[in-house]
Amino acid sequence: MSKKQFKAESKRVLDLMINSIYTNREIFLRELISNASDAIDKLYYRSLTDKNINIDSNNLEINIKIDKKNRNIIISDNGCGMTEKELEQNLGTIAQSGSLAFKQSNEKKEDIDIIGQFGVGFYSSFMVGDKVTVKTKSPDEEKAHMWVSEGIDGYSIEECDKKDIGTEITLHLKEDTEDEKYSEFLEDYKIQELVKKYSDYIRYPIKMEVEHSKLKEGTTDKYENVKEIETLNSMIPIWKKKKSEIKQEEYDSFYMSKFNDWEKPLKTIHIVVEGQYSYNALLFIPNHLPYDYYTKNYEKGLQLYSNGVLIMEKCSDLLPDYFGFVKGLVDSQDLSLNISREMLQHDRQLAVMAKNIENKIRSELEKMLKDSRNDYEVFYNIYGTQLKYGTYEDFGMNKDKLKDLLLFHSSYGDKLVTLKEYVERMKEDQNTIYYSAGESIDKIKGLPQVESVQNKGYEILYLTENVDEFVLQVLTEYDGKKFVNVSADDIDIGTEEEKKELKKQNDDNKEMLGFMKETLKDNVQDVKFTNRLSKHPVCLTTEGGISIEMEKTINSQIGNEGAVKAKTILEINKDHEIVNKLKELFKNDKEEFKKYTKILYDQARLIEGLTIENPTEYSNWICELISK
Ligand code: ADP
């Protein structure tokens with residue numbers, strides 16, 4: 001019998017399991033039972049369409065046997081089994097392992113991360129067992145096969161005797177040590193407790209021979225120990241239980257085992273609908289983004305059950321993209337068992353359920369925002385970006401559904417604000433919603449353009465994520481109030497008087513400003529005086545739909561380099577000392593004037609976080625000025 005090696009990544013996970021400091025060892029049973037149940041589901045589902053598969057649907061079950069003498073726990077099922085090839089594929093490797101770069105660390109937290117990311121699965125057997133034997137027979141193969149492994153050294157596969165289709169897993173428990181006790185898993189009560197705790201909802205009976213003491217027949221006071229086969233689980237799926245009878249711990253435990261997560265969900269949503277279409281849905285918002293969320297591998301979707309029988313692992317039509325992070329399942333007795341993927345796409349009931357589910361998720365989030373702001377902010381820190389993309393994508397088709405779920409930083413304080421909150425505290429003379437975009441809040445605060453708006457006492461939304469400005473562009477307004485970038489050239493602040501005065505100053509200096517524009521050529525659309533600055537001498541503003549931050553974002557995408565150009569305007573603080581100097585130079589020294597114009601333009605660019613065309617020239621000029 002030749003020994004085969006585990007694939008490198010599997011080996012690493014196996015190693016984690018064997019040397020696990022993971023306190024939750026007992027979950028091995030849940031994992032094996034869950035696999036057994038899935039295997040029975042698969043066989044049952046196949047039998048519906050494949051005439052060659054005959055099963056007795058009343059006899060589908062999972063069995064647990066305890067062999068104290070040999071320290072074995074034996075878990076068997078009459079599910080789909082595995083062919084030799086499947087054994088090799090399923091237990092010799094970990095399916096998704098390639099996509100994850102392993103962290104080289106033995107810290108507990110990281111271990112749990114890795115365990116969680118994979119789903120502990122079959123390998124968790126090695127947390128309690130030092131030898132695992134899997135005997136299995138598939139309906140697709142004449143012969144049965146046996147997989148044996150004692151851990152990291154590898155595994156072997158050979159033919160074996162097994163009459164019935166299904167799988168039997170024998171775990172040989174590790175010996176007890178001072179600190180680590182495994183023997184308790186050989187006690188009936190422990191197994192009973194674990195099944196109740198983790199696997200109560202499993203649809204198939206989980207049976208075990210249990211010993212209890214019973215009144216001896218014909219006596220009233222004599223007891224004897226008898227062994228009886230007992231079903232350990234209630235078999236009622238959690239989502240079919242009365243909501244009032246389910247504790248949050250039960251939901252949490254169900255979620256963690258079902259969706260292979262090592263953390264409790266952030267939020268649980270249990271929907272029960274009776275009516276034209278009746279269904280139950282159990283939805284969870286995980287406490288973290290799935291590790292592969294931003295890869296092509298990630299598939300959104302909910303499990304679909306027809307009256308307790310799983311008919312589809314990931315039904316993507318049940319979730320809109322922007323709630324793609326939601327995990328869960330939907331069960332309806334009105335769905336046909338044999339419905340195909342194609343038919344489902346046109347199924348009216350499915351469309352109605354999807355709509356309701358979407359509305360329910362949204363209303364739960366709105367409620368959370370209203371009633372438990374802190375929880376919502378935790379949620380938003382994880383998923384806010386998804387909601388923003390949802391708002392912006394599909395030409396803003398869903399913007400009205402999502403706009404009230406968005407939060408932004410603002411000049412109001414450290415807390416995130418909703419658009420509604422912003423509008424509610426707008427000043428009487430304020431007509432628009434101001435925002436400013438930049439790489440960080442600190443950088444935005446330092447922008448000269450922010451000054452004047454802030455001096456007026458108006459709140460400013462601070463946009464720090466690339467997608468933010470696009471979101472506001474798609475929204476265009478909130479509650480009738482337009483969004484205005486504080487860097488827009490046509491920003492409307494100041495009294496009529498002030499505006500008149502500014503216009504006069506611009507008109508009076510037309511020739512000089514025109515000369516500056518000529519000097520800067522196509523780099524700017526225009527050069528003009530402004531009253532929006534108080535301390536700073538210059539700033540760049542933009543005209544039209546593309547702001548400087550948007551230009552940076554769009555052009556930073558691969559293939560887009562230089563695709564767009566913001567129409568920039570160089571604005572000069574009309575009250576700054578430099579104005580007099582400029583006027584003087586314009587009259588007396590055109591060459592020097594040109595140089596100053598370029599310096600001011602470069603400064604405005606630097607303030608915006610943009611690069612300048614000729615940094616060497618710029619710094620030479622500055623040095624020249626210093627040494628004057
Ligand atoms: P997961 O269940 O998350 O896919 P596991 O490591 O637990 O990962 O199992 C790997 C695969 O082995 C399963 O996907 C399944 O195909 C197969 N398998 C495990 N247990 C059984 C079983 N009792 N019967 C049939 N196949 C099984």
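Just follow the structure's listing: the first ligand is 1, and inside any ligand the first atom is 1. Values below: all heavy atoms of this structure, side chains included; hydrogens, waters and symmetry mates excluded. Since this is a predicted model, take the numbers as computed values, not measurements. Residues take their numbers from the sequence shown, with the count starting at 1.
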Check ligand 1 against [X] and write out every atom of the ligand that is under 4.0 Å from a heavy-atom position of the residue.
{"X": "Ala39", "answer": "22 (C), 24 (N), 25 (C)"}
{"X": "Lys42", "answer": "16 (O)"}
{"X": "Phe122", "answer": "5 (P), 6 (O), 7 (O)"}

Would [X] and [Y] pass as an ion pair if we require N to O under 4.0 Å?
{"X": "Lys174", "Y": "Glu180", "answer": "no"}
{"X": "Lys267", "Y": "Asp375", "answer": "no"}
{"X": "Lys388", "Y": "Glu465", "answer": "yes"}

#### Entry: Part of Asp77 within contact of ligand 1 (heavy atoms, under 4.0 Å)
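Under 4.0 Å from ligand 1, Asp77 contributes side-chain atoms alone.
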
### Query
Under a 4.0 Å heavy-atom limit, does Thr167 contact ligand 1 with its side chain, its backbone, both, or neither?
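Contact part for Thr167 vs ligand 1: side chain (C-beta onward).
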
### Sub-4.0 Å heavy-atom contact, Met82 with ligand 1
yes

### Message
Does anything in residues 48-78 form a ring-ring contact (aromatic ring centres under 6.0 Å, His included)? List the pairs, not counting sequence neighbours.
### Response
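Listed once each, the pairs would be none.
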
Exercise answer: donor-acceptor pairs, residues 318-329 side-chain atoms, under 3.5 Å, sequence neighbours excluded:
| residue | atom | partner | partner atom | Å |
| --- | --- | --- | --- | --- |
| Asp321 | OD1 | Lys300 | NZ | 3.1 |
| Tyr322 | OH | Glu358 | OE2 | 2.5 |

